[in-house]
Amino acid sequence: VQNFTEELGYRISVARRVQGLTQRQLAMKSQTSLTTYKRIEKGDMTASIGTILSILYCLGELESCEGILSAAAGPGISRAPSAALPGRSA
């Protein structure tokens with residue numbers, strides 16, 4: 001799990017830099033403290049999933065989680081249609 005969170009933190013860092021944002025700017029945009037944001041980029045395993053999803057949303061990367069979510073639902077398990085998610089149109 002630690003390797004995954006470190007990789008996720010690295011990828012968030014890369015996406016942030018590609019978009020020309022500072023850590024402070026993305027922390028503010030995602031309504032996260034700068035301290036928490038820095039911990040996420042370092043791979044901290046204690047960050048809440050909501051905080052991480054908020055950061056991914058601000059980076060325009062929230063959709064990258066959809067494959068995981070649909071695979072996790074498995075056959076016969078229904079989930080909300082994509083259009084029902086925030087920021088989506090029907």
Side-chain angles (χ1 to χ4, degrees):
V1 174
Q2 182 66 43
N3 288 340
F4 176 81
T5 57
E6 288 173 1
E7 181 66 22
L8 179 62
Y10 172 76
R11 291 181 186 200
I12 287 172
S13 173
V14 169
R16 171 186 58 78
R17 287 182 276 136
V18 165
Q19 293 186 26
L21 296 170
T22 65
Q23 289 179 326
R24 182 178 307 281
Q25 288 169 324
L26 186 52
M28 289 176 60
K29 190 174 180 180
S30 63
Q31 298 179 344
T32 304
S33 74
L34 181 57
T35 302
T36 297
Y37 180 81
K38 287 180 177 183
R39 285 188 1 243
I40 290 169
E41 277 198 5
K42 290 180 180 177
D44 187 293
M45 293 183 1
T46 63
S48 76
I49 189 71
T51 300
I52 293 169
L53 292 175
S54 177
I55 291 168
L56 292 173
Y57 175 80
C58 291
L59 289 169
E61 296 291 338
L62 188 57
E63 291 178 357
S64 65
C65 296
E66 284 188 13
I68 294 168
L69 294 175
S70 55
I77 299 173
S78 66
R79 66 180 199 73
S82 295
L85 297 174
R88 302 286 181 91
S89 58

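Just so you know, residue 1 is the first one in the sequence shown, and it goes up from there.
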Looking only at heavy atoms, which two atoms of G43 and T5 are closest? And how far apart? O-OG1, 2.8 Å

Hey, quick one: are F4 and L53 part of the same hydrophobic cluster, counting side-chain heavy atoms closer than 4.5 Å, chains of contacts allowed? yes

Partners of E6 by side-chain hydrogen bond (donor to acceptor under 3.5 Å, both in side chains), sequence neighbours excluded? Q2

Exercise: identify the closest heavy-atom pair between Y37 and I55: CD1-CD1, 3.5 Å

Side-chain donor or acceptor of R16 paired with backbone N/O of I12 under 3.5 Å: no

Please say yes or no: joined through hydrophobic side-chain contacts below 4.5 Å, possibly via intermediate residues, are I49 and Y57 part of one cluster? yes

Look up atom CE in M28 and atom OG1 in T22, then write down how far apart they are to the nearest 0.5 Å. 9.0 Å

Hey, quick one: are L21 and I40 part of the same hydrophobic cluster, counting side-chain heavy atoms closer than 4.5 Å, chains of contacts allowed? yes

Minimum heavy-atom distance between S54 and S30, given as atom pair plus value: OG-O, 3.0 Å

Hey, could you give me the CG/CG distance between D44 and L8, rounded to the nearest 0.5 Å? 11.5 Å

Looking only at heavy atoms, what is the nearest atom pair of L59 and Q19, with distance? O-NE2, 2.7 Å

Return the set of residues passing side-chain hydrogen bond (donor to acceptor under 3.5 Å, both in side chains) with Q23 (not counting sequence neighbours), or none when no residue passes. E41

R39 atom CZ, neighbour heavy-atom count above 12 within 6.0 Å: yes

